[in-house]
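Just so it is clear, the model here is predicted, and its values are computed rather than measured.
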Amino acid sequence: MKQIVVIGGGPAGVEAAVAAAKGYTQVTLVSEGPIGGRTGWDSLLPSKVWLHAAELAGVAEHTAEGVAIGAVHVTPTEVLNRIKQVAQRWSEREAQRLQAAGVKVVHGVAAFHSPHELIVRNDDSQQTLTADAVIIATGSVPRFPPTMKPDGQRIIAPRFASHLNTLPPDMIVIGGGPTGSEFASLFSRLGVKVTWIVGAPGVLPMFDPAAGAALAAAMTAHGVTIHQVDVERAERTEAGVVVTTADGATHTAAMAFLAIGRVPDLSRLNLAAAGLEVGANGQLAVDNYGRTVAGHIFAVGDAAGGPMLANRALAQAWIAGRTAADLPAPGYCPHTVVSAVYTVPEIAQVGIVSGGEGELQRVRASYTASLKAYLSDETEGWVELVFDAANRQIRGGVAVGAHAADLLAPVALAIQSGATIADLAAIFAAYPTLSEAVFAAARAVKEQVW
């Protein structure tokens, strides 16, 4: 029976372990803390609970305008309690998945002793595990330059989301990526005056420019002040914080929130003992199945570098788990992973959305193509399809508006299956649903080839 060890108790680790357990294997998962990992207890899940609270606050805002019925009052204490409840329930659910799959769970910090041996240490003991295959799913840790470090009180980072028991009157959010965007949006929706310093690349530089521009415009309309300039330092003062930017300007507020990037968490693994080296980019090189240069060692999710997306991590983990267990699996395809930012408006993107001149064509439909948008008062939004000018196959999609990430699921499937713009045009979604806009966009192409 093949012995497989998975390092990491977050979503990717659990997914890899459960997938590997379907083969003729004995799978052991090593988790440093409770099942759920940093994603479940410290970063992603807490941030999403806060985002839900901001969404409820948005309902209350609409109530003041006479649009919705009833008001929703959100307090930080309620949010923190909700975070604990959801995190605990999700951890228990993931633990049940592991138990049902027959996965053995060991708590501690794992490090390689040799290519096929791992030493797992906890507070009072250690043990050695022997493995035919190892899957590294250790996630990532935040990156802070020396001039910008959180103190947990005035200067905070995403990991403090589960401890934020009061909301300041004003906040400086530093970082124009998905995490910075989400927290700038939620703080603003919860009544905090937000100054958002996004850096020289601008808002969501890894997304289609039209999507980033749409979010910037919406945030500005909601009262957020945006500065497109790099930050040099963030310092705590007696009154709050002061942030100095590259143009010499200073910005003050009660608190600052840092969302300036993450790096793979690989430093404690003693990779040299396994014959592995981390590249200059801080990452382990892997193939489409997650294999490193040591063919029996895999790396998935954030541990394999960016883009650091939860759904990407799950996809890679499932593939690596099955491959390690000698089960058939497709190679990882980055073009079918939907990137989503849960702001107001929501932003989502999938596949290839830019290319050489004339190689790609684009077509857009407004949310107003759907009756559902009127019923739910969510007409502000659009969906754009990108397709190959020569063979008409779907290459990508962008959505801006409510439930944008959900709308791109059929686009991801179209990319995976090699569907054409005409294939999508022939589909009529349930009526009324927002997803009608996706297929309406396809039908907006003037020249169809059936």
Side-chain angles (χ1 to χ4, degrees), residues 9-11 33-65 67-95 141-142 144 149-175 178-196 219 222-224 234 236-241 243 252-259 310 341-344 346:
I35 296 300
R38 283 183 288 260
T39 295
W41 293 94
D42 298 321
S43 56
L44 187 146
L45 186 148
S47 72
K48 297 306 181 274
V49 175
W50 274 106
L51 284 164
H52 181 64
E55 183 180 347
L56 295 179
V59 173
E61 181 181 60
H62 284 173
T63 300
E65 299 170 357
V67 175
I69 298 174
V72 178
H73 181 63
V74 177
T75 67
T77 301
E78 292 171 334
V79 175
L80 297 188
N81 287 336
R82 181 62 176 163
I83 289 172
K84 293 177 182 178
Q85 293 170 3
V86 175
Q88 184 62 45
R89 290 177 63 189
W90 185 250
S91 178
E92 291 171 356
R93 187 263 186 184
E94 293 288 80
V141 291
F144 301 113
K149 289 187 176 294
D151 63 8
Q153 296 176 327
R154 298 283 191 181
I155 303 174
I156 62 173
R159 71 174 184 266
F160 295 103
S162 56
H163 308 288
L164 187 61
N165 54 17
T166 59
L167 289 174
D170 49 11
M171 172 84 74
I172 299 172
V173 176
I174 302 172
T179 301
S181 299
E182 289 181 350
F183 276 91
S185 179
L186 76 85
F187 285 137
S188 176
R189 305 295 289 186
L190 291 174
V192 177
K193 183 180 179 182
V194 174
T195 297
W196 188 17
M219 296 280 274
H222 201 263
V224 175
R236 178 172 176 164
T237 66
E238 291 185 6
V241 295
V243 173
T252 59
M255 294 178 68
F257 183 91
L258 305 179
V341 186
Y342 299 97
T343 48
V344 179
E346 195 169 295

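Shown here are the side chain to side chain contact (heavy atoms under 4.5 Å, CB included) partners of L190, two or more places apart in sequence or in another chain: W50, A54, A57, V74, L167, L186. For T77, the side chain to side chain contact (heavy atoms under 4.5 Å, CB included) partners are T75, N81, not counting sequence neighbours. With sequence neighbours excluded, no residue forms a side-chain hydrogen bond (donor to acceptor under 3.5 Å, both in side chains) with D170. Remark: A259 pairs with T179, F257 by the side chain to side chain contact (heavy atoms under 4.5 Å, CB included) rule, at least two apart or across chains. When the side chain to side chain contact (heavy atoms under 4.5 Å, CB included) test is applied to P169, the partners found at least two apart in sequence or on another chain are A254. Every residue two or more places apart in sequence or in another chain was checked for a side-chain hydrogen bond (donor to acceptor under 3.5 Å, both in side chains) with Q85, and none qualifies. Judged as a side-chain hydrogen bond (donor to acceptor under 3.5 Å, both in side chains), and not counting sequence neighbours, R93 has no contacts. With sequence neighbours left out, the salt bridge (charged side-chain N to carboxylate O under 4.0 Å, His left out) criterion links K193 to no other residue. Residues that satisfy the side-chain hydrogen bond (donor to acceptor under 3.5 Å, both in side chains) test with S188, not counting sequence neighbours, are H222.
For the atom pair I172 CD1 and M255 CE, the distance stands at 11.5 Å (nearest 0.5 Å).
Here the closest heavy-atom approach between residue G180 and residue W196 is recorded as O-NE1, 4.0 Å. Residues I156 and M171 approach most closely at CD1-CE, 4.4 Å, considering heavy atoms. In this structure, V173 and A184 approach most closely via the heavy-atom pair CG2-CA, 4.0 Å. Scanning both residues, I83 and L45, for their nearest heavy atoms gives O-CD2, 4.0 Å. Summarising the geometry of E238 relative to R154, their closest heavy-atom pair is O-NH2, 3.5 Å, with the distance given to 0.1 Å. The minimum heavy-atom distance between Q88 and W41, with the atom names listed, is OE1-CH2, 3.4 Å.
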List the atom pairs, donor and acceptor, that lie under 3.5 Å between side-chain atoms in residues 157-164 and the rest of the protein, sequence neighbours left out.
none

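Between K48 and E182 there is a salt bridge, since a side-chain N of the basic residue sits under 4.0 Å from a carboxylate O of the acidic one.
Here the side chain of T39 pairs no donor or acceptor atom with the backbone of L44 at under 3.5 angstrom.
Legend: salt bridge (charged side-chain N to carboxylate O under 4.0 Å, His left out) pairs involving residues 74-89, not counting sequence neighbours: none detected.
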